[in-house]
*Asks:* 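Could you have a look at this structure, given as structure tokens, before my questions?
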Amino acid sequence: TYTINGTNFILGRSEGKPARGPSPIAWCLGATDVDDTYDMIPRIWDYLRVKFNRDGVNGSGGVGDGAAVAWVLADRFRPSIAPGGAGYLDYGAIAVSLGAVKLDIIGHEYTHGLSDSLVGGTGPTYSGESGAIDERDSDFFGQTFKLFASGSTDWICTVGESGNTVRNLVNPSSAIDVHVSTPCPSRHHGAYFYCGSVDNGGIHINSSVVSRSYYLAAMGGNENGCTVQGIGVGKVEQILYRALDIYFTPDLNFNDLYHAMLQACRDLYTEADALKLAVAMEATELDQPSFCSGLPPRVPNAVDPIGW
């Protein structure tokens, strides 16, 4: 409880409790983050139930190993708690800074819990390419949750009071990564692919390669000399969920992802759909060694898909 001018304001909101209303606190004056998040969480449960017949993030009605928890931190002065606007915490809560309570951001953070539950109980290893895959799975599900809850998405993630673009699944290089101040990469062997130790080995920086693949697979487009025919958002959602559930391992890399997604697609859909998915992933070079390998890139097989 926060007391201001003799009036008590309850900071949190438990299930079944009345709306808290706009915040009277000076550094987040007027913010409705608590109530907004409270309204979003049930929609995530609806999304998981409708799309995947899943009862909550952990499959048992909750998050992590317990009940659902949403921790909303509307305090811009504590970035160590919620760096970059929001973060998923190991015990199943999320920390959200002022300006980051949005459908795609909340969906992104909670579906980290989905990956944790489905992939080895702890999710993909949070470093290097496996960590980048974890980030981009959540980015894709964050956008598809936004589409489910609101009826539309622009495939762009913005955070903070200034609305800075931190992710752009349509055009990754239009966003500047905050860790290294360079454009986000769109190809595994692209010039902006990061090979250093910053950001746990580039988990956020390099993840845009994967999200670009998912977007192309769903919506279609042109990349790296390839013309991609999309198979639809719904199919990519199901393929990714099955790959997470059956084929992903904690230490998978981008090449492993390529094979896992194709197998999941073949489990569910036609070989024609698998071919289109392959074209999307080959356009971003997920089947090739990375820029960090020192090996030269090759022209994607998808430029001539008949030979795939």
Side-chain angles (χ1 to χ4, degrees), residues 1-50 54-58 60-114 116-117 138-139 141-154 156-167:
T1 302
Y2 184 85
T3 302
I4 183 170
N5 297 328
T7 301
N8 292 334
F9 178 75
I10 300 175
L11 298 175
R13 183 179 175 190
S14 300
E15 187 172 358
K17 298 298 183 181
R20 298 307 182 211
S23 172
I25 302 171
W27 61 78
C28 53
L29 187 64
T32 57
D33 287 358
V34 169
D35 292 331
D36 293 343
T37 306
Y38 183 94
D39 292 338
M40 290 178 190
I41 299 305
R43 298 293 286 140
I44 294 176
W45 260 243
D46 290 343
Y47 173 76
L48 295 172
R49 176 181 52 80
V50 170
R54 188 172 183 84
D55 183 14
V57 170
N58 64 5
S60 301
V63 177
D65 59 0
V69 177
W71 173 17
V72 180
L73 177 67
D75 183 348
R76 74 187 79 176
F77 301 113
R78 296 181 65 186
S80 63
I81 300 296
Y88 178 77
L89 307 178
D90 289 341
Y91 53 85
I94 54 173
V96 187
S97 294
L98 186 64
V101 177
K102 301 176 181 180
L103 287 168
D104 52 349
I105 302 300
I106 299 298
H108 170 108
E109 299 305 341
Y110 259 102
T111 50
H112 272 306
L114 180 66
D116 283 2
S117 179
S138 282
D139 258 6
F141 280 136
Q143 294 300 318
T144 57
F145 166 64
K146 179 181 178 181
L147 178 62
F148 173 83
S150 71
S152 65
T153 182
D154 56 8
I156 297 173
C157 304
T158 60
V159 298
E161 296 170 279
S162 61
N164 292 328
T165 297
V166 294
R167 318 268 204 268

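All values below were derived from every heavy atom in this structure, side-chain atoms included, with hydrogens, water molecules and symmetry-related copies excluded.
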*Asks:* Hey, could you give me the CD1/CE distance between I105 and M40, rounded to the nearest 0.5 Å?
*Replies:*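 Answer rounded to 0.5 Å: 10.0 Å.
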*Asks:* In Å, rounded to the nearest 0.5 Å, how long is the span from OG1 of T144 to CG of L103?
*Replies:*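 CG of L103 is found 11.5 Å from OG1 of T144.
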*Asks:* Just wondering, do I44 and L48 contact through their side chains at under 4.5 Å, heavy atoms?
*Replies:* yes
*Asks:* Run the salt bridge (Lys or Arg N to Asp or Glu O under 4.0 Å) test against R20 and tell me which residues pass, sequence neighbours left out.
*Replies:* none
*Asks:* Quick check: do N58 and D116 have side-chain heavy atoms less than 4.5 Å from each other?
*Replies:*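 The answer is no; the side chains never approach within 4.5 Å.
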*Asks:* Enter the distance from F145:CZ to I106:CD1 here, rounded to the nearest 0.5 Å.
*Replies:*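 So the CZ of F145 and the CD1 of I106 are separated by 8.5 Å.
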*Asks:* Excluding sequence neighbours, so at least two apart, what forms salt bridge (Lys or Arg N to Asp or Glu O under 4.0 Å) with D36?
*Replies:*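 D36: no salt bridge (Lys or Arg N to Asp or Glu O under 4.0 Å) contacts found.
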*Asks:* Please enumerate all residues that pass side chain to side chain donor-acceptor pair (under 3.5 Å) together with R54, with sequence neighbours excluded.
*Replies:*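 S117, Y241.
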*Asks:* To the nearest 0.5 Å, how far apart are CZ in R43 and OG in S150?
*Replies:*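 Interatomic distance, R43 CZ to S150 OG, rounded to 0.5 Å: 9.5 Å.
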*Asks:* F141 and L114: which non-hydrogen atoms are nearest, and at how many Å?
*Replies:* CE1-CD2, 4.1 Å
*Asks:* Applying side chain to side chain donor-acceptor pair (under 3.5 Å), can you list everything that pairs with S23, at least two apart in sequence or on another chain?
*Replies:*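 By the side chain to side chain donor-acceptor pair (under 3.5 Å) rule, S23 matches no residue at all.
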*Asks:* Can you list everything that forms a side-chain contact (heavy atoms from CB on, under 4.5 Å) with S138? Sequence neighbours excluded, please.
*Replies:*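 Once residues adjacent in sequence are excluded, the partners of S138 under the side-chain contact (heavy atoms from CB on, under 4.5 Å) criterion are H108, T111, H112.
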*Asks:* May I ask you to decide if Q143's main-chain N or O and D104's side chain share a donor-acceptor pair within less than 3.5 Å?
*Replies:* no
